[in-house]
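Remember, predicted model here, so these are calculated numbers, not experimental data. Numbers restart at 1 for each chain; the letters A, B, ... are given by sequence-line order, proteins then strands.
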Amino acid sequence: MKLYNTLSRDTEDFQPQDPKNVRMYVCGVTPYSSTHVGHALSYIVFDVLRRYLEYTGYVINHVQNFTDIDDKIIAKSKEEGITENNLTTRYINDFFITMDALNVKRATTYPRATEEIPDIIETISKLIDDGYAYAVGSDVYFRVNKSKDYGILSNRSTDDMISGSRIDIDLNKESSMDFALWKGSKKDEPEWLSPWGPGRPGWHIECTTMSTKYLGNQLDIHGGGMDLVFPHHENEIAQSEAYTSEKPFSKIWMHNGLLQFGQDKMSKSLGNLVSVESALQKHSADALRLYLLSSHYRSPLNYSDEGCDAVERSLQRLRFALQPSEGTEQNLDPSNFKNDFLSHMDHDLDTPQAIAIIFDLGREINRAKESNMNVQVAQSTLTEMGAILGLTFDTPEQSSLTQAAPFVDLLVEIRQDLRESNQYELADKIRNVLASHSISIEDTSEGTKWH
RNA sequence: GGCGACGUAGCCAAGUGGUCUAAGGCGGAGGUCUGCAAAACCUCUAUUCGGCGGUUCGAAUCCGCCCGUCGCCUCCA
């Protein structure tokens with residue numbers, strides 16, 4: 001399998017250190033607001049990567065963190081008058097409920113920064129001992145100048161960064177590039193005891209501690225959104241390689257393109273977020289997933305309800321293709337479709353092309369059904385390919401209809417009687433009335449169906 | 001100022017130098033089926049890939065310049 005590596009800016013053959021097991025670390029969320037469709041994109045992409053790697057025989061150790069302490073979390077909990085832990089636990093639960101609803105497989109381990117403080121302190125201590133970090137009062141900073149390769153991931157030089165910097169220069173730091181590993185606590189802030197005084201970990205260091213602790217010094221895949229390349233992942237590389245003295249920290253760095261909304265990026269600061277919860281009220285999980293996978297994972301994608309609606313309509317055709325069929329003529333052989341599907345997945349997770357194959361097979365099945373062919377093998381292949389993309393092909397539940405079902409059945413029955421006595425005007429009236437309640441009628445060779 | 005991405009049909013969106021007179025989806029037009037529909041299926045819907053040059057036997061794909069859109073450099077998936 002080939003994967004694009006942000007580090008080399010090129011597509012490379014994927015070869016984990018261990019031929020059977022894959023160590024994958026995916027940057028998780030900072031839990032202080034509802035899970036939005038941008039998160040969904042990122043985690044669905046890595047879910048598909050994982051499903052595909054598992055399909056090809058690898059065992060995946062997938063670690064995903066929660067950075068459950070930072071400035072935003074502190075501010076939000078103050079605003080709501082609850083503890084930081086209450087706030088983050090609420091949104092971590094929201095995250096799990098959302099991911100389950102999207103059929104995203106659970107990671108192997110979900111470490112939380114606040115539960116790893118002793119290890120984080122140990123990591124920082126070693127960095128200080130080795131000369132990579134220094135304390136100023138109760139703050140600790142990483143000494144960027146000591147990292148010769150700094151900028152290797154985001155392809156920028158420290159000189160450029162300093163000259164174009166929008167950050168106010170902090171006089172405590174040796175260099176404006178240095179970043180905080182430990183932040184001494186201010187008034188009314190949560191704090192943990194440390195050799196440098198009470199405080200909390202800075203952003204970045206938790207990932208170094210957790211990834212090395214749960215996956216070892218070198219990862220096979222490290223992933224996250226494109227917006228994490230700088231400074232987060234750049235700083236992780238600097239810290240981690242300084243800490244372990246091993247390079248590279250991760251063999252492959254994968255970054256998904258960011259979801260746009262209208263003209264802008266969807267982001268917390270712009271406040272143009274669409275929560276997954278609200279998206280799932282309008283669209284099925286399959287439709288949302290298929291929509292997000294319909295453009296390549298490294299391209300930006302513009303989220304729209306219209307786009308999801310279009311995908312929902314297209315899904316209906318696939319669901320139809322999977323309905324049981326009694327064909328007895330020769331088998332439809334799906335092996336070419338499967339081979340094409342897999343070769344597109346092999347090519348840097350080319351889900352748009354893979355999806356095109358799924359639609360090709362769906363059409364082929366429907367065509368074969370009409371000529372009474374046996375399509376069972378082809379149908380199970382279609383289901384299998386869908387499963388690699390995390391699609392269930394489940395028919396969306398119309399829960400509001402279950403109570404009305406006996407009445408709809410009755411109307412359909414009456415309509416059938418009317419049709420048999422050629423009273424089409426009344427029959428069509430029933431159909432129109434049902435249609436106005438979003439219930440559609442289909443007269444098939446096996447009787448009338450409604451949904 | 002630095003780094004990077006993208007510009008393909010009415011819309012969304014692939015495209016791994018030659019099988020690209022460019023996948024797939026939505027929408028649209030016509031047809032088969034049907035009492036009529038719906039669904040499904042069939043046919044059609046970009047001789048052309050922002051513009052201009054260049055490399056090559058050959059470019060949507062590589063290189064340069066220009067125009068336009070966006071992202072990162074500050075919290076972010």
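- Judged by atom type and distance alone, Arg317(A) does not reach the base of C41(B) through any side-chain donor-acceptor pair under 3.5 Å.
- Taking the side chain of Arg363(A) as heavy atoms from C-beta on, and the options C3(B), C26(B), C41(B), the nearest nucleotide is C41(B).
- Put simply, the side chain of Asp428(A) and the base of G35(B) share a donor and an acceptor less than 3.5 Å apart.
- Within 4.0 Å of Asn256(A), counting heavy atoms only, lies at least one base atom of the nucleic acid.
- Minimum atom distance to the side chain of Pro352(A) is reached by A13(B), of the listed A38(B), C41(B), A13(B).
- Aromatic ring centroids of His347(A) and His344(A) lie 6.0 Å or more apart.
- For RNA chain B, no neighbouring residue in residues 277-291 of chain A is found when judged by any heavy atom under 4.0 Å.
- Among the protein residues, Thr11(A) comes within range of no part of the nucleic acid, since none of its heavy atoms lies under 4.0 Å from any strand.
- Residue side chain Arg419(A) reaches the base of G35(B) through a donor-acceptor N/O pair under 3.5 Å, judged by distance alone.
- Nucleic acid contact class of Ala310(A) (heavy atoms, under 4.0 Å, all strands): sugar-phosphate only.
- Residue pairs meeting the salt bridge (charged side-chain N to carboxylate O under 4.0 Å, His left out) criterion with at least one partner in residues 96-107 of chain A, sequence neighbours excluded, are Glu54(A)-Lys105(A), Asp100(A)-Arg106(A).
- Across all strands shown, His296(A) has heavy atoms under 4.0 Å from sugar-phosphate atoms exclusively, and none from any base.
- In this structure, the aromatic ring of Phe359(A) is not positioned over the six-membered ring of the base of G24(B) within 5.5 Å between centres and 30° between planes.
- Across all strands, Gly28(A) comes closer than 4.0 Å only to sugar-phosphate atoms, never to a base (heavy-atom distances).
- Residue contacts for Ser154(A): at a heavy-atom cut-off of 4.0 Å it reaches the sugar-phosphate backbone alone, with no base atom in range.
- Counting heavy atoms of neighbouring residues, nucleotides and ligands inside a 6.0 Å radius, atom CD of Gln423(A) exceeds 12 of them.
- A donor N or O paired with an acceptor N or O is found under 3.5 Å between the base of C36(B) and the side-chain atoms of Asp443(A).
- The residue Phe46(A) sits apart from the nucleic acid: no heavy atom pair falls under 4.0 Å.
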For RNA chain B, the dot-bracket pattern of Watson-Crick and G-U pairs whose distances stay under 3.5 Å, | for other-strand partners: (((((((..(((.....[.....)))((((((.......))))))....(((((..]....))))))))))))....
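- When heavy atoms are screened at a 4.0 angstrom cut-off, Leu228(A) is found touching the sugar-phosphate backbone but no base atom.
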